Structures are given as C-alpha cells and as structure tokens.
Amino acid sequence: MNTENVNENNLPSNFIKEIIDDDLAKGRYAKVHTRFPPEPNGYLHIGHAKSICLNFGLAREYKGLCNLRFDDTNPATEDVEYVDSIMEDVRWLGFDWETRLFYASDYFDNLYNYAVQLIKKGMAYIDSQPSDEIKNTRGTPTEAGTLSPYRNRSAEENLDLFVRMKNGEFKDGELVLRAKIDMASPNMNMRDPIMYRIRHAHHHRTGEKWCIYPMYDYAHGQSDSLEGITHSICTLEFENHRPLYNWFVEQLGIHHPRQIEFARLNLSYTIMSKRKLLQLVNEKIVNGWDDPRMPTICGLRRRGYTPESLRNFSERIGVAKRDGMIDVALLEFSIKEDLNKRAQRVMAVLNPLKLVIDNYPENLVEELDAVNNPEDETMGSRKVPFSKELYIEHDDFRENPPKKYFRLSPGNEVRLRYAYIIKCVDVIKNDDGSIKEVHCTYDPETKSGSAQSGRKVKGTIHWVSAQHAIDTEVRLYDRLFTVEDPSGDKEKDFKSFINSESLTVLNNCKIEPFIKSAKCGNKFQFERLGYFCVDSKDSTENNLVFNRTVPLRDTWAKIERG
RNA sequence: UGCCGGGUCGUCUAACGGUAGGACUACGCCCUUUGGAGGCGUCUGCAGAGGUUCGAAUCCUCUCCCGGCAGCCA
C-alpha cells in the first residue's frame, strides 16, 4: 500500500475525502455530516452496503455524524416492511445512527412551506396540463421544450390552487406544482421540474394527512438542508440533478449541502437492480429476499457473510466516478479471509463413502485430538471419535487414480486427518459396478502426535466415524448467473442467464459429533471443503441445515481441469 | 447530431509536473497432518495523436470509445 496515500486512520484516500478535506480547510463546513437515504421500497443489497459503509465510514473517520433517513415521498411503492428490514441491515453491518432516525415525511410541513415561499417569489407555478401534455412539451435532449400556457399565473392564483391542492379539492393528476426555471435548458432536469403531485394515497407514516407528495428532486435537497447535512453523497445517475439540487437551496436561501456523486457497485455474475431482484422473488426463481444466492444484505447474512467481511470488501473496492464491474472473487476473498481467522474447524463428509479398517479392533473407539483453528491457538482443541467404520468423501477415492492424485486409491497410502495412515487393500462394488465400500488397513504406529507420526504421505483426507456421525442437510450455492453481466445483453433478458445449478441440496451428509452444539448462524470450516453456516431459517434442534458460504480454494480441481 | 460525466494491468484502485504502485485474479515455486491458509516470485497497464515542459498518467488541443439524461419513480 502506498503510505503517502493513507491517512492517520490507515484508510486509503479517495476523491470524496479530498473534496471534504478541501471544504474543511477552506471553512465551507466546520464538520462532516452525512446521511444514508434509502427509499423503503425494497430490501438493501450489497450496493447499498457500499453506500452505507461510505456514509457512516466517512462520518466515523472525520468524527462527524451520519443520519439514517428514509426517503419516503412515494406512498405508492413504499412500505413499513422495508423500513424494518433496512434498519436491521444497517445495524447488522455495524453502524449506528443513534438518535438520528429521520424520514423525508418528517419534513412534509417544512417542504410545503418552502413551496409556498417559492410560489410567492414567482419561482413556482401550478400547471393544469395533463401529464401527457407535460411530457410532450418537455422537448428532447436536443430540442428545447415549450412553455406551459399556465406558466404565468399570478402568485395569488398559484397559491390559491396550491392550498386547494393540499386540501384535496382535486383528483390525482389534475394539477401539479412546477418550479419555474428554464424550458430551454440543455439539462432536462431544469425544464420546469415537477415539485408536487397529487396522490390520494395512504402513507405508511403520515396516513391520510396529505394528498400531495413532493418529488425526489424537491424533497431530497431540502431534507438534507434541514438536517444540516454537509456532504450529500449519491450515485452517478444524479449528477445531472445537481444543478437542480443547488437551485432549490439557493432560491430558498437555506443551508447548502454539497452533493457528490460516485459510481454504484456492479458485481460480476449478479444483478443489483431492485426491480430485477423483486422479479426473482415474485417469480419464485429464488426463495425470497433472503435466499442465500441473493446479493441482498439479508441474503448474504444467511449465506454466512460477516459484517466485517462486507466492510472490508467495501473498503477494498474503493470509491471513484468511473463505473465498472467488481470481480465477485474479491467478495469471496473478503469472506474467506475473515472466516479463515475465526471459523471453528470441523470434519464433514458431503458425499459419504464407507471405509472399513480391516485390522482395527471391532469395538474400539478412540478419542483423537483435533485442532479447532490452526490460525488461532486460543481456540484450543476438541476430541473426535475414531472407530473401525468411517465415512470419507467420495471424491477422495479413485479406483484408477490420475497423475498427481494424492488421495486414496488401491494399494495407496493416505493420512486420515488427526488419525492414522491407512492403505487401501480392497474395493467392494455394488451390482451396478459403483463403489460400495473401501477396505483399508491402518498402521498403529502412525497415530497423529505419536513418535512415528512424522512419516510422510502425499495426501491427507478428512473422515467421520460412521457410528458417531450426525446426519445433516447441506446446501451448496453457486453463482446465480452464468455470465458476468446478466443485465448487459440488449437482446436477451437477464433471466435467460440464470444458472440452473445455483443450488444443490445434499441430504446425506455426515458430520463429526462436535457439530451438535452448533447454533443458528454459527460458522464453520468443513476441513478441505469450505465455509459453512447453520441456516437460520430451516434448521431445527434435531435437523441441522448448513449453507455453504464459499468453497475453499480447490487446487486439485484446478489441476484436473488442466 | 444537445448537455453532463468517465477512460491507468484481466478486474478494482493509487499517483495531484519528478522511478506507474497496491489488492484481487491467473501462473510458477516454497511450505503444509486442510491440494486450505501462509510466504516468495512472474505476467500484464497510462485509449490515440499532437502540443507545453529539463521532465506529462497528471496541464492544453483534437480524435476515438464508454456511461447517464426526455417518470406526476428514486
């Protein structure tokens, strides 16, 4: 890391911090106050996590504040269900808005009064044109729009109509309040944008109090201003809105936050559009918003991702203005890095193959020592029962081993993790020719930890004692899409790229008895396989269900692929 | 064809007129009772062309490419 580009918190800089440093140095603002402003119309996804980490992270770094504000200006699409999940997700990510939980709807009175001021100044007017007409007279990016015939109503008339609008004297869509700016502006957002529309709708917080609702462009900046926000950070698509954002606060003469735009997160092999995610849920392509294949925060949580890994990921991807595509491998690296340091290790066999040790005493059970986490001595060790009949992974035996295959095969020796070196002496088959069980002999001198245990064998495989094994269900997840950018194809719908093998359910998995103590959400490394967590929804006391968070690097698979 | 914003290794991201660096990925090697982890190393980059300058990724000009903008959505 370039030390010159790292601040005292040891965090790398970015263009937003440079702007903030400059604002602070020049005295434009005395402190930093940001906000995370979700619309409660869907679940948060990892793209939001980037924004949350950015906004709360900046506040933390500059010893400032960050508010949580729900942008609830459109009662038609918003719901409390989403409000609750959003708060849960932000908290889970590790951020705290303390007492500063706000809603744009908290400011409906202020916004109304500001609108009255603008009307009185002659900067806003009531338009009686139907929506089609407004659309048709807006012009195009290359042609100016035309003036509304209602553009020059007197302030008195505008005020009267606005009050009556608020009082519910008009139907939905009948009138609209517009800012009077410039119908010929090359920036479409400045062509007399709509500030208020009529919606006789129930609002999740204000109930029936209002039948007029402010538009985003009008509500957002003024809400920022009222909260004393200094840096209003949003995504690139709002760049063209900044002149309008500035126009409102300048006309009103109120506190002027600085809007800064950054590139939203795009992740390979997934989609981030709320609309498309909703489609996956509605069409039951996935099992709900928290399906572990979803890029939602609740999905990642259920998948086994930790808040730390997501925060590290956010820091690692950086913040910039050019939009790009982050390799999902970076996300996977972040969780493996975290879990490697913290996850309890355990032996689990996903696709069991019976292994009998012919020369091992019939009824003997040994309790062998196994390290809980080689990366963290303080996690100690545990006992694992060993006996004559074991299960090993089907993949760990080959009757005709290819070159460089270090695992078990006829006549070959292998180490049983934490136990003995064994040698394969026989293979029993089913009628159909498939392998039924494998017979081995063990070398009693090679017990793990003993004097002779130092003997070298090429491979070490994991195992579970058959009579002690706990049966579980394990769900293996793979990327939801088969292509890097499922939304990038203009011809084909994103759903045509769904990976039909994104979920594999294994019902006959065997895990060492230690797993009995596992609780919902607990995370483990199944040695040599990957990281797994106890599913928080479908697990019961007697029937544990595991989700594979991410597999371990599989060097052998790579060799075999060529 | 209007306006706004962008183009630095395969992918992200640094450099603020002075040796193009880091991370991920990939590929080697070392190590290993996890073919994990870790360590070491390698590959690959300033969109192009001019200019200013002792010196340009950085400043200027032109060209090319990419993204956004015509909801009473946010």
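As the structure is a prediction and not an experimental result, all values here were calculated from the model. Every chain is numbered from 1, with letters handed out A, B, ... down the list of sequences.
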**Message:** Looking at S273(A) and K276(A), would you say the former's side chain and the latter's main chain have a donor-acceptor pair under 3.5 Å?
**Reply:** yes
**Message:** Please pick, from U13(B), U34(B), A74(B), the nucleotide with the shortest atom-to-atom distance to any side-chain atom of M215(A).
**Reply:** A74(B)
**Asked** Does the U34(B) base have a donor-acceptor partner in the side chain of R528(A) within less than 3.5 Å?
**Response** no
**Prompt:** Does a distance-only test, which skips hydrogens and angles, find a donor-acceptor pair under 3.5 Å between the side chain of R322(A) and the base of G5(B)?
**Reply:** no
**Message:** Need one value for R553(A): base, sugar-phosphate or nothing, where a base atom within 4.0 Å counts as base even if backbone is also close, heavy atoms only.
**Reply:** sugar-phosphate
**Request:** Just call it for F238(A): base, sugar-phosphate, or nothing, with non-hydrogen atoms closer than 4.0 Å on any strand.
**Result:** base
**Request:** May I ask you to say what K404(A) touches in the nucleic acid, namely base, sugar-phosphate or nothing, with a heavy-atom cut-off under 4.0 Å?
**Result:** base
**Message:** Using a heavy-atom cut-off of 4.0 Å across all strands, would you classify G324(A) as base, sugar-phosphate, or nothing?
**Reply:** sugar-phosphate
**Prompt:** Quick one: the side chain of T460(A) and the base of U34(B), do they pair up donor-acceptor inside 3.5 Å?
**Reply:** no
**Request:** Mind checking P193(A) for me? I need base, sugar-phosphate or nothing, with any heavy atom below 4.0 Å counting as a touch.
**Result:** nothing
**Prompt:** Considering only C73(B), C69(B), C27(B), which nucleotide approaches the side chain of E39(A) most closely?
**Reply:** C73(B)
**Request:** Could you work out which one of G71(B), A23(B), G68(B) sits closest to the side chain of R316(A)?
**Result:** A23(B)
**Asked** With no angle test and no hydrogens, is the base of U34(B) tied to the side chain of R345(A) by a donor-acceptor pair under 3.5 Å?
**Response** yes
**Request:** Answer yes or no: is there a donor N or O on one side and an acceptor on the other, between the side chain of N41(A) and the main chain of E78(A), under 3.5 Å?
**Result:** no
**Asked** Across the strands shown, which category fits R242(A) at heavy-atom distances under 4.0 angstrom: base, sugar-phosphate, nothing?
**Response** nothing
**Asked** Will you find, in the side chains of D192(A) and Y125(A), an N or O donor that is under 3.5 Å from an N or O acceptor?
**Response** yes
**Request:** Please confirm whether the backbone N or O of M190(A) pairs with a side-chain atom of D182(A), one donor and one acceptor, at under 3.5 Å?
**Result:** no
**Prompt:** S334(A) near the nucleic acid: base, sugar-phosphate alone, or nothing, with a heavy-atom cut-off under 4.0 Å?
**Reply:** nothing
**Message:** Taking any heavy-atom pair under 4.0 Å as a contact, classify I194(A): base, sugar-phosphate, or nothing.
**Reply:** base
**Asked** Under 30°, 30 to 60°, or over 60°: which ring-plane class applies to Y213(A) and H203(A), parallel, tilted or perpendicular?
**Response** parallel
